[in-house]
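Structure first, then comments.
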Amino acid sequence: AQSVTQLGSHVSVSEGALVLLRCNYSSSVPPYLFWYVQYPNQGLQLLLKYTSAATLVKGINGFEAEFKKSETSFHLTKPSAHMSDAAEYFCAVSMNTGGFKTIFGAGTRLFVKA
Amino acid sequence: NAGVTQTPKFQVLKTGQSMTLQCAQDMNHNSMYWYRQDPGMGLRLIYYSASEGTTDKGEVPNGYNVSRLNKREFSLRLESAAPSQTSVYFCASMSLGGTLEQYFGPGTRLTVT
């Protein structure tokens with residue numbers, strides 16, 4: 001069965017510091033992996049995705065993630081946090097079961113301190 | 001291009017009442033989804049429709065029904081609302097031939113008292 005685990009429900013960083021949000025997955029087939037961001041009172045929007053091409057994936061707003069098959073991980077990073085990055089971030093894995101279903105992690109809320 | 005729209009934005013129901021949440025997308029996507037979001041639990045799939053005319057259960061289908069009215073519209077019905085269904089509900093759509101990105105609506109905040 002597919003699953004997604006996000007380590008840390010809350011992460012706090014200072015403005016300008018490295019952002020690291022952790023995600024581990026399990027999947028019985030090659031996965032499609034995603035990071036989504038949710039700002040308060042909004043729906044989710046895509047940050048970046050891995051679909052079996054390059055293992056280092058770049059997304060919007062300076063975020064990137066690296067797919068590591070041996071570690072079953074897809075951690076999200078950004079070299080320098082901005083106040084505007086404060087939001088909730090969701091890691092997700094998709095699989096084809098006759099129609100694509102997506103399993104989401106529980107989410108990590110990122111706080112950015114001035 | 002409105003993307004994915006949901007109505008209503010907010011709703012308060014009494015236990016036992018019924019209601020239908022509406023969702024429509026104008027991107028010609030094949031697949032549509034209903035999720036619920038609860039604090040600390042991420043998004044959980046209630047039902048999905050891989051294509052027009054088909055629907056399948058997700059992780060938490062009990063207490064819900066869905067209808068894929070046409071390619072654009074996918075509604076979620078609560079026949080007899082319970083306090084445990086208090087949640088934020090999101091509709092999403094995806095094009096199978098595209099990037100597998102899901103496009104989300106703005107959500108419906110439902111409270112059942």
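Naming convention: chains lettered A, B, ... in sequence-line order (proteins, then strands); numbering from 1 in each chain.
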[X] versus chain A, heavy atoms under 4.5 Å apart: side chain, backbone, both or neither?
| X | value |
| --- | --- |
| L45(B) | side chain |
| R109(B) | side chain |
| Q37(B) | side chain |

Would R44(B) and E59(B) pass as an ion pair if we require N to O under 4.0 Å?
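No.
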
field: Q38(A) portion near chain B, given a 4.5 angstrom heavy-atom threshold
entry: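 Looking at Q38(A), just its side chain touches chain B.
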
_F104(B) and Y36(A) aromatic centres sub-6.0 Å_ =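 Ring centres of Y36(A) and F104(B) closer than 6.0 Å.
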
May I ask you to check whether Y89(A) and F63(A) place their ring centers less than 6.0 Å from one another?
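Here the rings of F63(A) and Y89(A) have centres that are less than 6.0 Å from each other.
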
* Say whether, by atom type as modelled, one donor and one acceptor occur between the side chain of Q25(B) and the main chain of N28(B) under 3.5 angstrom. =>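 Side chain of Q25(B) to backbone of N28(B), a donor-acceptor pair under 3.5 Å: yes, one is there.
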
